[in-house]
S.K.: 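Dropping a structure here in structure tokens format, bear with me for questions.
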Amino acid sequence: MDDGGVSKAVAVVTCAATALFYVAILYAPTLILRLPPPPSFKNFMIRRFLCAAISSVVSIAVSALLLPMKSRDVSSLLSVYGIRTDHIWQAMVFPLSLTALMYAGSLVLKVLMLVSSLREDMNYGGGFSFVYIKNVSQEAVACTRSIASNVLVWRNYIVAPITEELVFRACMIPLLLCGGFQKSTVIFLCPIFFSLAHLNHLMEVYSGQNYNLIKAFKVIGLQLGYTVVFGSYASFLFIQTGHFLAPLVAHAFCNFMGLPVLVSRGKGLIAVASVAGIVGFLCLLFPMTHPDLYNDRTDNCRCWQGYCSGN
């Protein structure tokens with residue numbers, strides 16, 4: 001890295017502009033290019049996928065121009081964004097397991113519901129038999145095909161996590177750190193841009209709440225609060241590990257699970273599991289994200305400014 005850096009003002013303005021661009025480009029085909037409305041919802045989502053991809057590429061290019069790197073070869077550039085081929089399984093398994101602890105109550109509830117559903121199916125189908133196994137297998141295959149062709153699945157679990165983590169973590173965090181912000185400040189500053197980028201859902205929520213402004217603001221407030229909390233956690237993962245996959249798998253998992261279930265009426269086991277999961281999460285947060293687990297040498301790691309050194 002070069003000795004020079006970017007100023008705090010430039011870093012903040014660039015991050016804000018990047019967040020604005022990420023949202024604005026979604027509406028560019030209709031408002032700016034004056035393209036006709038897509039003929040179907042699937043085509044509409046595909047158009048948005050392309051817009052998000054363009055935004056990600058532009059964000060990477062802009063941050064690459066601003067970051068004072070000594071070498072601009074592909075390997076060095078990718079390592080700045082945490083895109084690495086080393087320690088892949090650690091970057092996927094440890095953050096995913098850690099994140100799952102926060103959803104211990106939700107996972108137990110899902111297991112209980114699955115067991116109850118299987119019992120009902122077995123009672124209705126005459127018990128556990130070859131025919132029952134065959135029917136379940138066929139249903140599973142059909143369900144998998146349906147999920148694979150569902151455009152919302154691609155948005156929630158693939159496109160959104162990848163593009164949002166590229167823009168709001170991989171691009172913004174190096175800029176803010178290079179601008180001289182402390183790691184603790186970046187962990188709480190970066191999610192602000194992330195949450196503001198979700199304000200574009202206001203009109204959608206407003207209409208969904210029968211145009212009740214108070215209810216809409218309550219829903220948006222809850223969503224923004226959740227995105228700030230998750231954004232801080234994702235930023236922490238990226239800074240600690242220096243690996244893009246760490247916040248990516250956490251993001252996809254959280255999108256799949258939704259808000260954590262802490263209690264459930266008539267099921268005290270859910271509350272116990274939730275408390276145990278939270279305690280486990282807090283106890284394992286730093287041990288499971290220690291830089292030594294994700295880097296061969298933390299005194300000379302490949303991520304930006306050595307911010308995964310744990311110093």
Side-chain angles (χ1 to χ4, degrees), residues 78-111 161-162 164-166 168-170 172-174 176-177 181-191 194 225-262 269-311:
L78 291 179
S79 65
V80 167
Y81 301 121
I83 303 175
R84 300 154 43 186
T85 57
D86 61 287
H87 298 81
I88 289 179
W89 78 266
Q90 293 94 329
M92 295 182 66
V93 174
F94 292 153
L96 182 59
S97 301
L98 186 64
T99 306
L101 288 175
M102 288 298 295
Y103 287 90
S106 301
L107 292 172
V108 170
L109 180 60
K110 287 181 180 293
V111 170
I162 291 177
E164 289 180 1
E165 292 307 317
L166 277 173
F168 295 98
R169 247 67 69 182
M172 289 189 182
I173 288 178
L176 294 171
L177 290 170
F181 289 97
Q182 297 295 319
K183 290 188 296 182
S184 57
T185 303
V186 173
I187 288 174
F188 293 103
L189 178 60
C190 209
F194 182 56
Y226 178 73
T227 55
V228 167
V229 172
F230 171 77
S232 298
Y233 174 59
S235 299
F236 173 82
L237 288 176
F238 187 81
I239 289 176
Q240 283 289 100
T241 66
H243 217 299
F244 175 73
L245 283 177
L248 177 62
V249 296
H251 193 150
F253 181 77
C254 287
N255 280 2
F256 174 74
M257 296 298 296
L259 291 174
V261 176
L262 301 179
L269 181 61
I270 306 301
V272 173
S274 298
V275 173
I278 293 173
V279 172
F281 176 85
L282 295 176
C283 292
L284 296 174
L285 179 60
F286 286 97
M288 291 189 70
T289 59
H290 197 281
D292 286 338
L293 295 174
Y294 307 89
N295 302 274
D296 292 327
R297 292 183 58 191
T298 55
D299 60 337
N300 190 29
C301 59
R302 302 181 64 191
C303 58
W304 178 251
Q305 287 189 338
Y307 59 77
C308 69
S309 63
N311 295 327

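Residue numbers start at 1 and run along the sequence shown. The shown structure was predicted, so the numbers you read here are calculated from the model rather than taken from an experiment.
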S.K.: What I'd like to find out is whether the side chain of L78 reaches to under 4.5 Å of the side chain of R84, using heavy atoms alone.
M.R.: no
S.K.: Could you grab the distance from atom NE2 of H251 to atom CD of E164, nearest 0.5 Å is fine?
M.R.: 4.5 Å
S.K.: Which residues pass the ring pair (Phe, Tyr, Trp, His ring centres under 6.0 Å) test with F244, sequence neighbours left out?
M.R.: none
S.K.: Y226 and G258: which non-hydrogen atoms are nearest, and at how many Å?
M.R.: OH-O, 3.6 Å
S.K.: Distance from Q182 atom CD to L189 atom CG, nearest 0.5 Å?
M.R.: 12.5 Å
S.K.: Has M257 got more than 12 heavy atoms of other residues, nucleotides or ligands less than 6.0 Å from its CE?
M.R.: yes
S.K.: Given 3.5 Å as the limit, does a donor-acceptor pair link the side chain of S274 with the main chain of V261, or not?
M.R.: yes
S.K.: Residues two or more places apart in sequence or in another chain: which of them pass side chain to side chain contact (heavy atoms under 4.5 Å, CB included) with L101?
M.R.: L98, F281, L284
S.K.: To the nearest 0.5 Å, how far apart are CG in L245 and CD in Q90?
M.R.: 11.0 Å
S.K.: Quick one: ring pair (Phe, Tyr, Trp, His ring centres under 6.0 Å) partners of F256, sequence neighbours excluded?
M.R.: Y157
S.K.: Minimum heavy-atom separation for A273 and A104, please, with both atom names.
M.R.: O-CB, 3.2 Å
S.K.: Partners of F236 by ring pair (Phe, Tyr, Trp, His ring centres under 6.0 Å), sequence neighbours excluded?
M.R.: F286
S.K.: Tell me the closest heavy-atom pair linking F238 and V80, and the distance in Å.
M.R.: CZ-O, 4.3 Å
S.K.: With a 3.5 Å distance limit and no angle check, can you tell me whether R169 reaches the backbone of L248 through a side-chain donor-acceptor pair?
M.R.: no
S.K.: Any idea how F194 and F230 line up, ring-wise: parallel (<30°), tilted (30 to 60°), or perpendicular (>60°)?
M.R.: tilted
S.K.: Measure the spacing between CD of Q240 and CD1 of I187 and express it to the nearest 0.5 Å.
M.R.: 7.0 Å
S.K.: Passes side-chain contact (heavy atoms from CB on, under 4.5 Å), L166 versus I83? Steps please.
M.R.: CA-CA 10 Å; L166 277 173; I83 303 175; 4.2 Å; yes
S.K.: Once rounded to the nearest 0.5 Å, what's the spacing between atom OG1 of T241 and atom NE2 of H290?
M.R.: 13.0 Å
S.K.: Please confirm whether the backbone N or O of D86 pairs with a side-chain atom of H243, one donor and one acceptor, at under 3.5 Å?
M.R.: yes
S.K.: Just so I know, are the side chains of P191 and S235 near enough to count as touching, which here means a heavy-atom distance under 4.5 Å?
M.R.: yes
S.K.: Can you name the nearest heavy-atom pair linking L293 to H87, along with the distance?
M.R.: O-CD2, 3.4 Å
S.K.: Just jot down the side chain to side chain contact (heavy atoms under 4.5 Å, CB included) partners of T99, sequence neighbours excluded, or say none.
M.R.: Y103, Y233, A250, F253, C254
S.K.: Can you name the side chain to side chain contact (heavy atoms under 4.5 Å, CB included) partners of M172, sequence neighbours left out?
M.R.: C15, T18, A19, V167, F168, C190, F193
S.K.: For the atom pair CD1 (I173) and CD (E165), what is the distance rounded to the nearest 0.5 Å?
M.R.: 8.5 Å
